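Numbered from 1 within each chain, the chains take letters A, B, ... in sequence-line order. Values below: every heavy atom of this structure, side chains too, minus hydrogens, waters and symmetry copies. What you see is a predicted model; the values in this text were computed from it and never measured.
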Amino acid sequence: MTTSLLATLRHALRGAFETAGFDPETVIVETSRRPELGQFQCNSAMQLAKTHRTKPRDIAERLVAALGAVPFITDLAIAGPGFVNFNLTDEFLAVRANDMAGDARLGFPKVEAPAKVVIDYGGPNVAKPMHVGHLRASIIGEALKRIMRFRGHDVVGDVHLGDWGLPIGMLIHELSLRQPGLPYFDAAKTEGFPEESPVTIDDLEEMYPAAVSRCRENDDDMQAARRKTAELQNGRPGYIALWRHFMQTSRASQAGDFDRLGVSFDLWRGESDVADLVQPLVRDLQARGIAEVDQGAILIRFKPAEDDGSEEEGEGDEEELTPLILVTSDGTVTYAATDLATIQDRVARLSPDLSLYVVDSRQGLHFRQVFEAAQRAGLNDGMGMEHIGFGTVNGPDGKPLKTRSGGVPRLGDLLDQANEEAGKRLAEHRLGLEFGEAERADIAHKVGLAAIKFADLNHQRTANYAFDLANFTRFEGKTGPYLLYTVVRLNSVLAKGGGVPADARFTAFSTQVERDLLIRIATLPEVLKRVEERRAPNVLCDFAYDLAQQINAFYHEVPVNQEPDPGRRAHLTLLVDVSARALTLVLELLGIEVPARM
RNA sequence: GCGCCCGUAGCUCAAUUGGAUAGAGCACCGGCCUUCUAAGCCGGUGGUUGCAGGUUCAAGCCCUGCCGGGCGCGCCA
C-alpha cells in the first residue's frame with residue numbers, strides 16, 4: 001500500500017509533534033502558499049498557541065527543534081507569527097520520484113475504505129432532444145464518477161431516464177389525434193402490435209413541443225393526456241407497446257449524443273423500470289400512515305416532527321416542507337413516487353452506501369422532500385442521499401442560454417458549433433495542415449469538446465455561468481485546448497528524444513522548476529480527496545491548470561533533448577514522462593481526451 | 001411572504017471550507033523564436049471582496065441586519 005507524499009510528511013510531523021509534546025492530531029502540513037519561502041508549510045503553531053496559551057512563535061521554535069531530527073526535511077525556518085516552512089532533501093525527492101515513475105498509478109494510493117456509490121446523472125427524457133441542460137449534468141456526473149472510481153470507490157453510473165410521466169401521456173395523446181387509425185389506440189386489442197415504430201426520432205422531437213402547447217392551451221387535451229398517462233401506468237397494452245417504440249427510438253438518439261460527449265453509463269435504468277414497485281410502495285406508505293389522501297391526491301406531509309428525543313439538531317430549523325405529491329388526483333404517478341421507488345430498488349439491487357443525484361439546482365426542494373420521505377419510510381436503509389446541484393448555463397445576456405429563435409439549444413448543435421470553432425482556430429494557427437482530413441476532424445472534435453468540458457467544470461458547480469464559445473475555444477489561457485497543447489507538446493518531446501531510456505532514474509534535481517513540478521504532481525491525491533469531499537471538479541481544473549503552467553515553465557527553462565549528459569538527460573526525460581502521464585491522467589479524470597498530436 | 005444560490009480587477013472566473021502580500025485568464029503595456037510545437041514563456045498596469053456592524057491572534061470565507069441579481073415554493077419533470 002503506497003502513501004501519498006503529504007501523508008508521509010504528516011506521519012513524520014506526527015512523530016516530531018509527539019517528541020515536542022504536542023498533540024499529533026493537530027498536524028497541519030501542506031504545500032507552501034509562498035513558494036519563495038519553502039516547498040512546504042506547517043501552520044499548526046497558531047492553533048496550538050490557543051490550547052497551550054503560549055505565543056505561536058515559541059511553539060514554532062519547539063516544532064522546528066523536533067523537526068530537525070527528520071532526515072529528509074531541510075531548510076527549516078519560521079516566518080510571520082509562527083508559520084514553519086521547510087524543504088525536502090533532493091535525495092528523498094528522487095526516491096519518491098522513482099517510486100512514482102515505476103507505478104502505473106504514479107504512486108497515488110486508493111482510499112482505505114472504499115464505498116459503493118451510485119451516481120445518477122445525465123437524465124435525458126424520452127422524446128425530448130438533449131439540450132444544454134443535460135450538458136452540465138453529464139459532464140459533472142462523468143467527472144465525479146471517474147474521480148471517485150480512481151480514488152478506489154466502487155462507482156456505478158446510472159443515466160436515470162425520464163421515461164414514465166405525463167410527457168409520455170401527452171405524446172400518446174398527440175399521436176392519437178394525428179393518426180387515430182393506428183392499432184395502439186384500439187382498447188380491445190391486447191397483442192400483435194407492429195414491430196416497426198410508427199414514429200422516427202425527428203417525429204418525436206417535433207411532436208413533443210406540439211403536444212405540450214396543445215395541452216397547455218386546451219384543458220380537455222390536458223385531461224386526455226393525464227388519462228392516457230394513468231392508463232399507460234396501469235398497463236394498457238396498446239399504450240405500453242407505443243411507449244416501447246418511443247423509448248427505443250429516443251434512446252438510440254440519446255446514446256449517440258452521450259457517445260459524442262464521451263460520457264458512458266453502467267446502467268441505463270429509468271423511471272419505468274420501477275413502475276411495478278410504485279403501487280405497492282404507495283399502498284405501504286399509506287398503510288403506515290406516512291402518506292395520506294388529500295383532495296383526491298396521495299401525498300406525504302412534512303409536519304414539524306414532534307420531538308421524539310432522538311433528533312435535536314437545532315430546534316428552529318425543523319421547518320415545514322411543502323407536501324410531496326406521489327399520485328395525482330387523476331391517478332398519475334409523479335416523479336416523486338418514482339424517485340422513492342428508485343431508492344427502494346437501488347437499495348435492493350445494489351445496496352449502495354451513497355447515492356448522488358447530479359441534477360439542476362432548481363430541483364433542490366424536490367430532493368429535500370424525497371430524501372426526507374425516504375428517510376422517514378426507511379427506504380434508503382442507511383444509504384446516503386445527496387443532491388449535487390449545479391447552476392444554469394447562461395447566454396451573454398446573463399439569462400439561460402437560448403437559440404436565436406428563442407428555443408432551448410440542442411446539445412448536438414452546441415457540439416457542432418464547438419467543433420467548427422475549434423476547426424477554425426486550428427486552421428488560423430495553421431496547425432495539422434500536413435495531417436489527413438480524418439485526423440484533422442478528429443482533432444477538432446477533441447479540442448472542441450475539451451474546450452466545452454473544461455470551461456464547464458472549471459466554474460464553481462453551484463454557480464451559473466456564461467456560455468461563451470469564442471472564449472472557451474481560445475487556445476490561450478485557462479482553457480481546455482491549452483491543456484491539450486501542453487500534453488501534446490510533452491509527448492512530442494518524448495518522441496523526438498527517442499522515448500524514456502529503460503534504465504532512466506531520477507538522480508538529482510538541479511533546478512527549482514524540476515522540484516516544484518514533481519512536488520506538485522505528488523500532491524494530486526490530496527487534491528482528489530478535496531474534489532471528492534466537496535464534489536467540486538473545479539478544484540481539479542485549478543490543479544490541471546497550475547500543473548500545465550509549471551510544465552510549460554519547465555519546458556522553457558530546461559531544453560531536455562539538448563542536454564549533453566546522458567544521465568541527466570534520462571532524468572529529465574523521465575520527468576517529462578511523469579509530467580505527461582500526470583496531466584493526461586488528470587484530464588482523463590475530467591473526462592477530457594487528448595489527441596496523439598495536433 | 002418563506003427557502004436556496006450568487007455578488008471579488010473594465011470583462012469571465014478562482015481562492016486548498018478561518019491563515020502569510022485576495023490570484024488566474026481575456027483586454028492593455030514591455031521583453032523572449034537560426035534551439036524539443038510562440039496555442040508558449042518572463043515581467044508590468046489594474047482591488048475599500050455589494051454596504052454596515054459583530055466574533056478573534058487572523059475574515060472574501062463564520063454571525064446579524066440591509067442592498068442588488070437568479071431560482072424555487074400541492075397535483076409538470
Side-chain angles (χ1 to χ4, degrees), chain A residues 28 30-34 37 41 43 46-47 49-50 55-56 79-83 85 123 125 128 162 164-167 170 212 215-216 222 226 271 294-299 301 319-330 332 334-336 338 360-366 368 389 391-392 394 398-400 425-426 428-429 431 447 455 458-460 462-466 468 471-472 474-479 481-482 484-486 488-490 492-497 523 526-527 530 533-534 538-539 541-543 545-546 549 552-553 555-562 576 597-598:
Chain A
I28 302 169
E30 41 193 32
T31 50
S32 181
R33 303 270 286 192
R34 301 275 302 273
L37 298 180
Q41 62 182 29
N43 292 2
M46 270 75 69
Q47 315 269 342
K50 264 187 217 160
K55 281 187 283 202
F83 297 101
N85 300 310
N125 298 313
K128 285 199 245 183
W164 198 237
L166 182 60
M170 295 200 282
V212 170
C215 289
R216 222 183 354 231
M222 184 59 100
R226 286 185 194 286
E271 297 174 331
D294 186 89
Q295 294 167 41
I298 303 172
L299 49 76
R301 280 187 196 287
E319 83 279 45
E320 195 166 351
L321 291 169
T322 49
L324 184 65
I325 296 195
L326 304 180
V327 183
T328 68
S329 50
D330 52 39
T332 308
T334 68
Y335 82 132
T338 321
D360 193 316
S361 286
R362 287 175 290 194
Q363 306 223 23
L365 178 60
H366 166 75
R368 276 178 57 204
T392 55
N394 293 340
K399 299 213 162 108
R425 297 289 175 119
L426 288 166
E428 273 169 27
H429 292 279
L431 282 162
V447 169
N458 184 42
H459 288 92
Q460 231 178 143
T462 49
N464 302 338
Y465 76 90
D468 181 349
N471 212 346
F472 299 168
R474 214 188 281 277
F475 288 177
E476 311 90 24
K478 195 171 181 180
T479 64
Y482 168 80
L484 295 187
Y485 165 76
T486 304
V488 168
R489 215 190 196 188
L490 289 184
S492 167
V493 171
L494 289 174
K496 288 226 163 83
T523 60
E526 278 71 23
V527 173
R530 198 161 70 243
E533 283 167 354
R534 294 173 47 185
N538 74 298
V539 170
C541 290
D542 252 16
F543 177 85
Y545 182 64
D546 287 343
Q549 278 192 313
N552 282 316
Y555 177 93
H556 277 272
E557 197 173 322
V558 187
V560 174
N561 287 333
Q562 263 124 62
V576 170
R597 54 178 190 170
M598 57 196 271

Between [options], which one does the side chain of [X] approach most closely?
{"X": "Gln549(A)", "options": "C36(B), G19(B), C41(B)", "value": "C41(B)"}
{"X": "Asp542(A)", "options": "G74(B), A20(B), A14(B)", "value": "A14(B)"}
{"X": "Lys496(A)", "options": "C75(B), U37(B), C73(B)", "value": "U37(B)"}
{"X": "Tyr465(A)", "options": "G74(B), A39(B), C13(B)", "value": "C13(B)"}
{"X": "Asn125(A)", "options": "A77(B), C41(B), A15(B)", "value": "A77(B)"}

What integer number of Å spans the [atom1] atoms of [N] and [M]?
{"N": "G30(B)", "M": "C63(B)", "atom1": "C1'", "value": "47 Å"}
{"N": "C61(B)", "M": "U56(B)", "atom1": "P", "value": "16 Å"}
{"N": "G72(B)", "M": "G18(B)", "atom1": "C1'", "value": "31 Å"}
{"N": "G46(B)", "M": "C29(B)", "atom1": "P", "value": "16 Å"}
{"N": "C41(B)", "M": "A58(B)", "atom1": "P", "value": "39 Å"}

>> At less than 3.5 Å, do the side-chain atoms of Gln460(A) and the base atoms of C6(B) form a donor-acceptor pair?
In response: no
Applying a 4.0 Å non-hydrogen cut-off, can you work out what [X] is touching in the nucleic acid: base, sugar-phosphate, or nothing?
{"X": "Glu271(A)", "result": "sugar-phosphate"}
{"X": "Thr334(A)", "result": "sugar-phosphate"}
{"X": "Tyr555(A)", "result": "base"}
{"X": "Leu299(A)", "result": "base"}
{"X": "Glu476(A)", "result": "sugar-phosphate"}
{"X": "Arg301(A)", "result": "base"}
{"X": "Ala79(A)", "result": "base"}
{"X": "Gln295(A)", "result": "base"}
{"X": "Ser361(A)", "result": "nothing"}
{"X": "Tyr482(A)", "result": "sugar-phosphate"}

Kindly say if [X] contacts the phosphate of [N], meaning a side-chain N or O under 4.0 Å from OP1 or OP2.
{"X": "Thr486(A)", "N": "G40(B)", "answer": "no"}
{"X": "Gln41(A)", "N": "G19(B)", "answer": "no"}
{"X": "Arg368(A)", "N": "G72(B)", "answer": "no"}
{"X": "Asn538(A)", "N": "A15(B)", "answer": "yes"}
{"X": "Lys128(A)", "N": "A77(B)", "answer": "no"}
{"X": "Ser492(A)", "N": "U37(B)", "answer": "yes"}

> A20(B) base stacked by Phe83(A)? Criteria: ring centres under 5.5 Å, plane angle under 30°.
Replying inline: yes
> In Watson-Crick or G-U wobble terms, both distances under 3.5 Å, what is the partner of C2(B)?
Replying inline: G72(B)
> Want to settle it: does Val447(A) or Pro323(A) sit nearer the 5' end of RNA chain B, counting the closest nucleotide to each?
Replying inline: Val447(A)
> If you find the nucleotide of RNA chain B closest to Arg362(A) and the one closest to His366(A), which residue's nucleotide is nearer the 5' end?
Replying inline: Arg362(A)
> Does some side-chain heavy atom of Val576(A) sit less than 4.5 Å from a side-chain heavy atom of Arg489(A)?
Replying inline: no
> Within a strict 4.5 Å, meaning less than it, do heavy atoms of the Arg301(A) and Asp294(A) side chains meet?
Replying inline: yes
>> Could you report the tightest heavy-atom contact between Gln363(A) and Tyr335(A), atom names first, then the distance?
In response: OE1-OH, 3.2 Å
> Under 3.5 Å, is there a donor-acceptor pair between the side chain of Glu271(A) and the main chain of Thr338(A)?
Replying inline: no
